[in-house]
Asks: 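There's a structure below that I have some questions on.
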Amino acid sequence: MAPIFGGPLGLLVFVAGMLAVAFGFLTHLESLPLQNWDETRNAQNVQSILTTGDWWVIRVNGDPDLWNTKPPLLLWLQASFSKLLGPGLLALRLPSALFAFSLALWMPWFTYRRLASVWIGWLAALMLVVSTGFNGFHVSRTGDFDAPLVACMVWSSAQWWLWCQDPEGKGSNKHLFGFVMASAFGFLFKGVAAFLFVPGWLIWAFWNKVSRGGFTKLRVWFAALCLLAVPILYYAWKEVVQPGYLEAVLQNEWLGRYNHVIEGHDGNFWFYWDWLFGSSAFPFYPVLFPVLLVLAFHKNRSQNAFASFVWVVLIAYFLVISMGATKLFWYGAPLIPLLCLATAISLFGLCQEIQSRILVSFPFAFPFLAIVLLWFFWWPLWQKTMVRALDPSNGYGLQKHDQILNNLRWYQGRTDCNTIYIPHYGYVEGARWYNWVYEQRGGPKLRIKSFADANPGEVWAIPRAWVDSFALQWHWKQNRYLPVGDEVTLINPVDSTHP
């Protein structure tokens with residue numbers, strides 16, 4: 001253990017840090033309510049899989065889904081966890097959380113084996129868990145596609161770098177195979193988004209003199225054909241079993257989304273720059289560029305080479321997504337682990353310089369410096385991360401998971417209402433999913449609808465959190481959906497006695 005961690009103190013610091021990472025990624029997964037819109041759509045798709053038994057044609061409300069056109073691997077995992085754990089938020093979100101934690105675990109393992117230091121990956125994992133651009137809404141803490149996608153993109157990048165370092169070596173075939181497998185799984189999680197690192201990969205491969213000649217080898221082109229066969233076969237098969245699927249993919253995922261603004265998600269070229277460095281998406285940006293100067297004096301060639309590769313991929317990907325017409329902040333999520341790794345390499349190099357010049361006689365220099373950095377810089381960010389994880393007002397949800405289920409239990413005893421309403425732009429699919437979950441647990445079936453379908457004299461059961469919401473107050477005052485002169489009776493579960 002000593003050569004790896006630097007002694008008992010180093011081992012203790014390492015284990016404590018990784019336990020904090022595990023806690024940050026794997027706990028409180030049900031604190032946030034089901035989030036509109038994408039997570040709710042995934043929940044509907046999983047509900048369809050479990051109720052119809054059709055795992056191949058993804059449906060919503062009984063019809064083939066031509067809006068959520070992503071490959072079904074994540075939905076299959078969510079449906080499998082729903083069978084194992086019972087339907088609910090935990091089953092929806094656990095796959096994303098496990099992939100996020102697996103990526104964090106992989107970082108110190110990779111940097112120990114390939115960069116001669118377990119601490120680089122340890123620092124990167126600690127940065128990752130407090131970066132809201134990754135450990136937050138729509139990535140690691142919700143049942144969306146992005147955490148598995150990002151993990152596969154990072155893993156495939158590492159395999160590509162290893163191949164580029166020695167394309168003729170004994171392990172070159174293994175690295176090519178790992179690259180193809182990681183990229184293929186990335187595609188099966190979120191389609192063509194898995195290949196958006198390709199420009200950076202190719203730039204590095206042709207820039208690097210060692211790997212440039214590797215493209216003359218037949219096995220490289222065979223690997224490329226195997227990888228290309230995955231999307232071709234998948235799209236061909238889907239078009240056969242679900243006609244119109246390919247056209248929908250062209251509009252939702254390919255050039256239709258890249259060349260045109262979809263669903264009003266626009267922004268200027270600096271959209272992702274502002275997101276990364278103007279918020280807590282990557283909270284270590286104040287030290288990012290100063291510590292980069294360390295690379296100029298860093299003596300470890302493999303660490304310098306990997307850091308340079310990461311920066312090439314990072315900049316190329318930033319340019320690709322910044323030039324796209326549709327802007328969504330989670331498109332920037334793959335940047336976060338790359339930034340964490342690049343910053344960690346520079347920080348580790350800085351700590352090595354401090355140890356060699358100032359603390360040369362102190363055997364526990366790095367663990368000591370790590371404790372100082374943790375206490376003064378990382379710990380406040382960790383506290384903010386946990387506060388956000390427990391705040392049900394984050395994202396696009398309306399109420400905590402357990403509170404919604406408690407309200408459904410209250411509705412079960414009412415004889416004067418059988419309808420609940422969620423005032424979120426008329427999108428009530430989340431409420432229908434919650435009601436389905438409650439039905440699976442033995443609860444009754446309730447009718448759920450929006451104000452657009454309100455009838456005079458109806459009794460509406462609306463929880464206090466929704467009564468006080470801006471959306472409901474606005475609709476109520478504008479009388480937008482209710483006929484003039486008619487009234488709807490509100491029953492509030494919080495103000496009433498439970499049966």
Side-chain angles (χ1 to χ4, degrees), residues 35-80 82 92 95-96 99 138 142-150 152-153 156 180-198 224-265 320-321 324-326 328 330-331 334 427 429-430 432-433 436:
Q35 301 290 292
N36 287 340
W37 309 85
D38 294 356
E39 188 181 37
T40 297
R41 193 69 166 206
N42 286 355
Q44 289 179 277
N45 295 151
V46 171
Q47 178 182 346
S48 173
I49 290 173
L50 295 177
T51 54
T52 66
D54 188 349
W55 292 65
W56 299 105
V57 178
I58 305 304
R59 302 176 185 274
V60 59
N61 295 327
D63 298 319
D65 193 349
L66 294 177
W67 183 81
N68 185 3
T69 54
K70 306 297 187 295
L73 186 53
L74 176 66
L75 302 177
W76 289 350
L77 290 176
Q78 292 172 322
S80 299
S82 296
L92 282 179
S96 294
F99 269 92
H138 217 291
T142 52
D144 294 293
F145 300 95
D146 298 274
L149 169 74
V150 173
C152 290
M153 293 174 76
S156 57
V180 171
M181 291 299 295
S183 298
F185 274 105
F187 169 81
L188 294 175
F189 277 118
K190 204 180 178 181
V192 295
F195 303 131
L196 292 182
F197 276 179
V198 167
L225 287 175
C226 289
L227 181 56
L228 188 62
V230 175
I232 291 176
L233 293 175
Y234 172 76
Y235 286 132
W237 169 76
K238 282 291 287 186
E239 183 64 23
V240 171
V241 299
Q242 188 176 337
Y245 177 83
L246 191 56
E247 181 181 354
V249 168
L250 290 172
Q251 293 301 318
N252 292 340
E253 295 185 42
W254 292 10
L255 295 180
R257 181 174 290 264
Y258 193 81
N259 292 334
H260 305 283
V261 176
I262 300 293
E263 299 165 354
H265 298 298
V320 168
I321 60 175
T326 301
L328 290 163
W330 52 87
Y331 291 178
Y427 191 69
E429 301 305 328
R432 292 194 177 101
W433 178 81
W436 173 74

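What you see below is based on every heavy atom in this structure, not just the backbone, and it leaves out hydrogens, waters and symmetry mates.
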Asks: Does Ser156 offer a backbone N or O that forms a donor-acceptor pair with the side chain of Ser183 under 3.5 Å?
Replies: no
Asks: Looking only at heavy atoms, which two atoms of Pro334 and Met153 are closest? And how far apart?
Replies: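 The pair with the smallest heavy-atom distance is CG-SD, 4.0 Å.
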Asks: Could you pull out all residues at least two apart from Trp55 that satisfy side chain to side chain contact (heavy atoms under 4.5 Å, CB included)?
Replies: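 Applying side chain to side chain contact (heavy atoms under 4.5 Å, CB included) to Trp55 gives Ile49, Trp76, Ala79, Ser80, Lys83.
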Asks: Heavy atoms only: give me the nearest Pro71-Phe145 pair and the separation to one decimal.
Replies: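 Closest pair (atom of Pro71, atom of Phe145, distance): O-CE2, 4.1 Å.
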Asks: For a 4.5 angstrom cut-off between non-hydrogen side-chain atoms, does Asp146 reach Phe99?
Replies: no
Asks: Got a sec: does the OH of Tyr245 have more than 12 other heavy atoms crowding it under 6.0 Å?
Replies: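 Enclosed.
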Asks: How long is the gap from CG on Leu75 to CD on Gln47, to the nearest 0.5 Å?
Replies: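 Here the interatomic distance stands at 13.0 Å.
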Asks: What closest approach, in Å, do Val261 and Ala325 show between heavy atoms, and which atom pair accounts for it?
Replies: CG2-O, 3.7 Å
Asks: Would the distance check show the side chain of Ser96 and the main-chain N or O of Asp144 forming a donor-acceptor pair, the cut-off being under 3.5 Å?
Replies: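 Such a contact is found between Ser96 side chain and Asp144 backbone.
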Asks: Drop me the distance from Tyr234's OH to Leu73's CG, to the nearest 0.5 angstrom.
Replies: 10.0 Å
Asks: What pairs meet the salt bridge (Lys or Arg N to Asp or Glu O under 4.0 Å) rule with one or both residues in residues 44-63, with sequence neighbours excluded?
Replies: Asp54-Arg59
Asks: If I compare all heavy atoms of Leu74 with all of Pro95, which pair ends up nearest, and what's the gap?
Replies: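 Looking at all heavy atoms of both residues, the closest pair is CD1-CB, 3.9 Å.
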Asks: Please list, chain by chain and in numerical order, all residues satisfying side chain to side chain contact (heavy atoms under 4.5 Å, CB included) with Val60, sequence neighbours excluded.
Replies: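 With neighbours one apart ignored, the set is Arg41, Gln44, Asn45, Asp65.
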Asks: Between Glu39 (side chain) and Gly143 (backbone), is there a donor-acceptor pair under 3.5 Å?
Replies: yes
Asks: At what distance, to the nearest 0.5 angstrom, does CD1 of Ile58 lie from CG of Asn42?
Replies: 9.5 Å
Asks: Could you state the interatomic distance from CZ (Phe197) to SG (Cys152), rounded to the nearest 0.5 Å?
Replies: 11.5 Å
Asks: Holding to side chain to side chain contact (heavy atoms under 4.5 Å, CB included), I want the full list of residues that pass it with Leu328, two or more places apart in sequence or in another chain.
Replies: Arg257, His265, Thr326, Trp330, Tyr331
Asks: Test side chain to side chain contact (heavy atoms under 4.5 Å, CB included) on Phe189 and Lys70; report intermediate values, then the result.
Replies: CA-CA 7 Å; Phe189 277 118; Lys70 306 297 187 295; over 6 Å; no
Asks: Taking all atoms of both residues into account, what is the closest heavy-atom pair of Leu50 and Ser82, and its distance?
Replies: CD1-CB, 3.5 Å
Asks: Tell me every residue that passes side chain to side chain contact (heavy atoms under 4.5 Å, CB included) with Leu246, counting only those two or more places apart in sequence or in another chain.
Replies: Tyr235, Glu239
Asks: Output all residues satisfying side-chain hydrogen bond (donor to acceptor under 3.5 Å, both in side chains) with Gln242, sequence neighbours left out; order by chain, then residue number.
Replies: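 Gln242 satisfies side-chain hydrogen bond (donor to acceptor under 3.5 Å, both in side chains) with Lys238 only.
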Asks: Looking only at non-hydrogen atoms, find the nearest pair between Ala184 and Val230 and report the distance.
Replies: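 It is CB-CG2, 4.0 Å.
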